[in-house]
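For clarity, every value in this text was computed on a predicted model and none was experimentally measured. Side-chain atoms are counted along with the backbone in the values below, which use heavy atoms only and exclude waters and symmetry mates.
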Amino acid sequence: MTRRPAAAALAAAAALTLALTAAGTASAAGGSTAAPASSLRLTLLASDISQRPIDQATLECDPDGGTHPDPKAACAALAAVKGDFTRLPNVPGRTCPTVVDPVTAVATGTWQGAPVSYREDFINRCAAEVGTSDVFKF
């Protein structure tokens, strides 16, 4: 009779180990798929009648990611101004040529759950990058 309780205890321990392993795997998977706190689509448009897209990127913050080439820096710049694109400072010490090739910078999506709708015209792509703390540098 002592064999039955030992076998039952061993089976229970194995089942508990399996359950804990499965829970840990589900937990780890859940953590890696957390939705970002901010999700933005950034687009540069030709500022002519066509308004054709020149380039675009996605930016996710907290956690940082998306197709933007430097999401960490872009998210930090936006965090410093609480997601207000109109308050982004110029990149210090960087100037642009005065070539006239107008672009429109557009951002849509959410910042910390609040809707974002930003649109601003710049004299050229360099000015759009410099004027938005490189958020539109992609």
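- The NZ atom of K137 sits 8.5 Å away from atom SG of C126, with the distance rounded to the nearest 0.5 Å.
- Formation of a donor-acceptor pair under 3.5 Å by the D121 side chain with backbone atoms of P102 is not found in this model.
- E60 contributes no side-chain N or O that, together with a main-chain N or O of L40, makes up a donor-acceptor pair within less than 3.5 Å.
- Rounded to the nearest 0.5 angstrom, E129 CD and F138 CZ are separated by 8.5 Å.
- Side chains of F122 and T132 form a contact here, defined as non-hydrogen atoms less than 4.5 Å apart.
- A donor-acceptor pair under 3.5 Å links the side-chain atoms of T67 to the main chain of T58, judged by distance alone.
- A donor-acceptor pair is defined here as one N or O able to donate and one able to accept, closer than 3.5 Å; no such pair exists between the side chain of T104 and the backbone of S47.
- Transitive grouping of hydrophobic side chains (ILVMFWY, heavy atoms separated by less than 4.5 Å) keeps I54 and V130 in distinct clusters.
- R119 places a side-chain heavy atom less than 4.5 Å from the side chain of L45.
- A continuous path of ILVMFWY side-chain contacts below 4.5 Å connects L44 to L42, so both sit in one hydrophobic cluster.
- Contact annotation: the side chain of W111 never approaches that of V81 to less than 4.5 Å [non-hydrogen atoms, C-beta and beyond].
- Between L88 and Y118 the shortest side-chain heavy-atom distance does not fall below 4.5 Å.
- Note that the CG atom of D48 and the CZ atom of R52 stand 6.0 Å from one another [nearest 0.5 Å].
- Here Q112 contributes atom CD and C61 contributes atom SG; the two are 8.0 Å apart, rounded to the nearest 0.5 Å.
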Could you check L59 against L78 for side-chain contact (heavy atoms from CB on, under 4.5 Å), going step by step and ending with a plain yes or no? CA-CA 11 Å; L59 179 63; L78 284 166; 3.8 Å; yes

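- Nearest approach of V135 to A74, heavy atoms of both residues: CG2-O, 4.0 Å.
- Cluster membership for V91 and I123, using ILVMFWY side-chain heavy atoms within less than 4.5 angstrom, is not shared.
- In this structure, N124 and A127 approach most closely via the heavy-atom pair OD1-N, 2.8 Å.
- Closest approach of P69 to P71, counting heavy atoms only: C-CD, 3.6 Å.
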Using side-chain contact (heavy atoms from CB on, under 4.5 Å), reason through V103 and F136 one step at a time and then give a plain yes or no. CA-CA 11 Å; V103 298; F136 280 87; over 6 Å; no

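- Using a distance-only test at 3.5 Å, with no hydrogens or angles considered, a donor-acceptor pair links the side chain of S133 to the main chain of P89.
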